[in-house]
Amino acid sequence: MSGAVPVVTRFAPSPTGHLHVGGARTALFNWALAQKLGGHFLLRIEDTDQARNSRDAVRGILEDLAWLGIHWQEGPQLGGLGGDPRGVGPFFQSERLARYDAALARLIEKDLAYPAFDTPEELDALRKTASAEKRAFRYVRAADWDRAAALVRMQREPHVMRLRAPDETIVVNDQVLGDIAFGPEQIDDFVLRKRDGFPTYHLAVVVDDEAMGVTHVLRGPEHLNNTPKHIALQRALGFAMPIYAHVPSIQNPDGSKMSKRDKDKAARGLAQQAFAADAGARARAEGAIDAKRLAAWLGDAKSQLETGELDALERTLALDLPSVTVEDFRRAGYLPETVDNYLALLGWNPGEKLVDGRDREQFDLAFLADKFALDRIGRGSAKFDRAKLLAFSQEQLAALSDADWLARWRTWCARYAPEASAALADPARALVFAASMKTRCATLAAASAPGGPGRFALVADDGFAYDEKAVAKWLATGEPTGWAVLESVRATLAEAAPFEPAAIEAAVAKFCEASGLGMGKVAQPLRVALTGAAASPPLGETLAVLGRDSVLARLTRCLAACGPRT
RNA sequence: GUCCCCAUCGUCUAGUGGCCUAGGACAUGGCCCUUUCAAGGCCAGAACACGGGUUCGACUCCCGUUGGGGACGCCA
């Protein structure tokens with residue numbers, strides 16, 4: 001077909017903070033649809049709110065998307081991503097004001113838009129009245145309307161521009177929800193341009209989608225009610241109508257909508273607890289963020305901290321805030337493909353069975369791009385289930401080769417825990433570490449976490465404490481005692497070669513046989529001496545990760561530190 | 001309050017009028033394996049919100065009720 005319109009999908013975030021999981025899923029679906037249809041995925045920054053947008057947040061969102069592997073062909077540039085191959089940019093709405101004004105001029109000329117001089121206070125009062133009378137507020141055009149006078153007046157008075165809304169029912173043909181009718185009472189004379197000269201979301205989105213040739217609009221459910229407004233505007237402007245699809249929302253376990261605000265809310269509660277419990281906490285918090293800002297935020301449950309402030313507070317008070325942004329999950333040590341996979345499954349599924357009869361749930365981006373289709377998006381909202389995400393993470397991490405696991409871990413460490421990676425510089429030992437952590441860590445972060453299964457290998461030989469119960473059970477008691485076993489096995493370990501898991505296991509097994517001891521009688525005392533705890537990876541791996549020098553040093557230290565008093 | 005959307009195990013879902021004694025996954029419980037911790041294997045319990053229709057036949061179609069979510073900004 002020669003005249004086919006190339007497919008263009010888009011993700012259009014407003015830069016008010018980190019990308020949250022709902023936005024990430026919307027971006028992922030748009031990306032997948034474009035891939036499937038052989039089109040372009042475009043990124044546009046909706047920064048028309050002068051009070052709220054921040055340039056830092058833009059950078060953060062771009063990095064989050066890039067990390068997830070959601071690559072945009074058109075939009076702001078980052079690394080090799082983005083650009084403007086069709087010449088439809090710029091991609092920041094704040095740089096496109098002339099285009100919105102031009103569209104508005106056409107509407108004014110056709111008498112489809114008009115200036116309104118109501119003050120925000122006046123409108124507020126009207127809304128309050130409506131609410132008190134249990135009516136829905138609806139903007140009513142002035143009855144004594146004089147177009148010529150208004151056009152003169154707008155030259156010298158602050159005003160907004162409103163659309164002269166059509167008096168007709170508009171049917172939204174949604175690809176997920178079907179046909180939805182909105183009566184004329186649903187579409188009032190909404191604002192197109194604000195007092196500050198910036199367009200509202202409605203005007204900007206309609207003008208840009210047309211100018212950028214967007215063919216499919218896939219967005220969150222909060223926009224469903226806006227869609228008839230957008231259609232009305234498109235008709236007034238003579239624009240094409242894109243294909244619409246609204247995806248269901250992602251909810252918290254309690255059923256509320258999952259949003260960036262959840263983190264702020266949780267932080268307020270936890271901070272207040274911390275201040276009550278610890279007198280110094282308030283002072284530390286005020287060292288991290290402005291004291292006045294802090295007080296205002298604590299006192300007003302509706303206020304929100306800036307992203308940077310929230311991060312600072314989280315760090316200084318060591319708050320355990322819910323993960324809601326892509327960055328949160330990255331920091332928590334999830335693989336980007338795992339996050340993509342889980343997010344894709346929230347509201348979409350391929351509907352395929354594996355040969356063993358199970359549903360296909362785990363897949364990569366290539367699979368998503370190949371199979372994605374609007375008609376398999378669900379209609380009901382989905383609760384975000386951290387346990388299932390964690391299970392996916394566990395499984396996908398375990399499926400990595402040792403070398404891949406190690407590379408991914410080092411990459412994660414470089415950003416969040418450089419000292420952990422540095423503590424295990426030796427390549428051979430690091431590979432053993434990878435092998436033994438793979439099935440023991442549900443996330444990359446778990447390996448180095450305090451109390452985590454890999455901690456023993458990342459601390460100095462005298463950098464850990466001995467678990468009292470373990471010492472009592474495995475070193476102080478038994479016949480012979482654990483201490484005696486440690487003394488006698490020392491020579492075996494000093495000579496075992498090569499110092500690798502299999503050889504170590506074999507040497508210890510031989511020692512057990514020769515001394516008539518069960519494996520447990522030897523392995524458990526060793527675990528306590530080398531790691532401080534009675535649980536660790538298989539003995540050969542535990543010793544090989546540490547290396548011979550550390551093993552001997554730790555044996556010496558153990559006997560000295562908690563051995564029998566002589 | 002008004003409008004809009006939604007409704008299968010605790011959670012994510014398969015299911016498009018007979019393949020359903022409703023399948024899978026996560027979570028939960030039990031057993032097996034085992035030098036510890038994991039991992040792995042096997043088994044179990046667990047759902048069509050309710051009430052009316054339509055139909056020879058409803059999880060599937062229609063209506064209502066209930067419940068949940070969203071929107072009602074000079075935010076996006």
Side-chain angles (χ1 to χ4, degrees), chain A residues 12-14 16 46-49 51-53 116 118-120 123-124 127 130-138 158-162 172 174 176-177 180-183 185-186 188 190-196 198 200-202 204-205 220-228 246 248-249 251 253 255-257 342 345-349 351-354 356-362 378-392 394-395 398 436-441 453 470 474 505 508-509 512 518-524 526-528 531 533-539 542:
Chain A
S14 57
T16 54
E46 312 224 322
D47 56 348
T48 55
D49 185 349
R52 287 204 303 174
N53 70 63
D118 320 76
T119 65
L123 291 173
D124 250 17
R127 284 198 186 88
S131 152
E133 292 171 7
K134 297 191 181 297
R135 285 186 293 108
F137 170 76
R138 192 163 177 269
H159 61 279
V160 300
M161 296 300 302
R162 287 179 181 269
V172 175
D174 188 280
V176 171
L177 268 9
I180 303 161
F182 293 86
E185 73 286 350
Q186 296 303 305
D188 70 356
F190 59 93
V191 173
L192 298 171
R193 188 173 64 194
K194 302 179 252 187
R195 210 165 260 250
D196 64 6
F198 274 60
T200 59
Y201 164 70
H202 307 298
V205 88
E222 67 274 21
H223 290 300
L224 180 58
N225 293 297
N226 290 328
T227 308
H246 291 87
S249 64
Q251 302 178 333
S256 62
K257 188 184 170 189
Y342 183 71
L345 226 39
L346 238 35
W348 180 85
N349 77 80
E352 282 186 13
K353 299 265 185 219
L354 267 6
D356 61 4
R358 306 189 318 165
D359 292 351
R360 163 155 253 134
E361 289 197 315
Q362 301 203 22
R379 294 136 72 86
S381 51
K383 291 190 176 69
F384 193 92
D385 183 0
R386 281 152 214 285
K388 185 152 180 167
L389 203 214
L390 199 62
F392 272 32
Q394 161 111 271
E395 205 172 319
S436 56
M437 288 305 108
K438 272 195 335 186
T439 56
R440 260 161 276 263
C441 295
W474 294 108
E505 291 273 356
V508 173
C512 286
M519 185 57 126
K521 290 286 290 176
V522 179
Q524 290 310 94
L526 274 170
R527 286 199 164 88
V528 178
T531 74
S536 85
L539 201 61
T542 299

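Side-chain atoms are counted along with the backbone in the values below, which use heavy atoms only and exclude waters and symmetry mates. Reminder, nothing fancy here: chain letters follow the sequence lines and each chain counts from 1. Since the model is a prediction, treat every value here as computed from it, not as a measurement.
When the C1' atom is used for both B:rA58 and B:rG15, the distance is 13 Å, rounded to whole Å. Nucleotides B:rG45 and B:rU2 place their P atoms 46 Å apart, quoted to the nearest Å. With C1' as the reference atom, B:rC6 and B:rC43 are 36 Å apart, rounded to whole Å. One P atom belongs to B:rC4, the other to B:rC50, and the distance between them is 26 Å to the nearest Å.
A:Arg193 comes within 4.0 angstrom of nothing in the nucleic acid, heavy atoms only. Across all strands, A:Glu133 comes closer than 4.0 Å to no nucleic acid atom at all (heavy-atom distances). Counting any heavy atom pair closer than 4.0 Å across all strands shown, A:Thr119 reaches a base atom. Among the atoms of the strands shown, only primed sugar atoms or phosphate atoms (P, OP1, OP2) are found under 4.0 Å from some heavy atom of A:Gly380. Counting non-hydrogen atoms under 4.0 angstrom, A:His246 reaches nothing in the nucleic acid. Looking at heavy-atom distances under 4.0 Å, A:Arg195 makes contact with a base. Across all strands, A:Asp188 comes closer than 4.0 Å to no nucleic acid atom at all (heavy-atom distances). Contact annotation for A:Thr48: backbone-only contact, meaning every heavy-atom pair under 4.0 Å involves sugar-phosphate atoms and none involves a base. Using a 4.0 Å heavy-atom cutoff across all strands shown, A:Gln394 reaches sugar-phosphate atoms only and no base atom. Residue A:Pro120 is classed as a base contact, given a heavy-atom separation below 4.0 Å to a base. As judged by a 4.0 angstrom heavy-atom cut-off over every strand, A:Gly518 is placed among residues making no nucleic acid contact. Counting non-hydrogen atoms under 4.0 angstrom, A:Pro537 reaches a base of the nucleic acid. Across all strands, A:Gln186 comes closer than 4.0 Å only to sugar-phosphate atoms, never to a base (heavy-atom distances). Nucleic acid contact class of A:Pro538 (heavy atoms, under 4.0 Å, all strands): base.
Running 5' to 3' along RNA chain B, contacts with non-hydrogen atoms of chain A at under 4.0 Å begin and end at B:rG1 to B:rA76.
Judged by Watson-Crick or G-U wobble contacts below 3.5 Å, the nucleotide B:rC3 has B:rG70 as its partner. In this entry B:rA25 has B:rU11 as its Watson-Crick or G-U wobble partner, both defining distances falling under 3.5 Å. Across every strand in view, B:rC61 sits in a pair with B:rG53 that passes the Watson-Crick or G-U test at under 3.5 angstrom. As the counterpart of B:rA39, no nucleotide is assigned, since no Watson-Crick or G-U wobble pattern has both distances under 3.5 Å.
One N or O on the side chain of A:Thr227 and one on the backbone of A:Leu224 form a donor-acceptor pair closer than 3.5 Å. Of the possible donor and acceptor atoms, none in the side chain of A:Arg379 sits under 3.5 Å from a partner among the backbone N and O of A:Gly347. The closest donor-acceptor contact from the side chain of A:Arg162 to the backbone of A:Leu192 lies at 3.5 Å or more, if one exists at all.
When only modelled atom types and interatomic distance are considered, A:Thr542 and A:Ser536 share a side-chain donor-acceptor pair under 3.5 Å.
Between A:Asn349 and A:Ala116, the residue anchored nearer the 5' end of RNA chain B, judged by the nucleotide with its closest heavy atom, is A:Asn349. Take the nearest nucleotide of RNA chain B for A:Thr439 and for A:Lys194: the residue whose nucleotide is more 5' is A:Thr439.
Here the side chains of A:Ser249 and A:Ser381 are in contact, with some heavy-atom distance below 4.5 Å. Using a 4.5 Å cut-off on side-chain heavy atoms (C-beta onward), A:Tyr342 and A:Asp385 make contact.
Using a 4.0 Å cut-off between charged side-chain N and carboxylate O, A:Asp196 and A:Lys194 make no salt bridge. Ion pairing between A:Glu352 and A:Arg358 fails under the 4.0 Å rule for side-chain N and carboxylate O.
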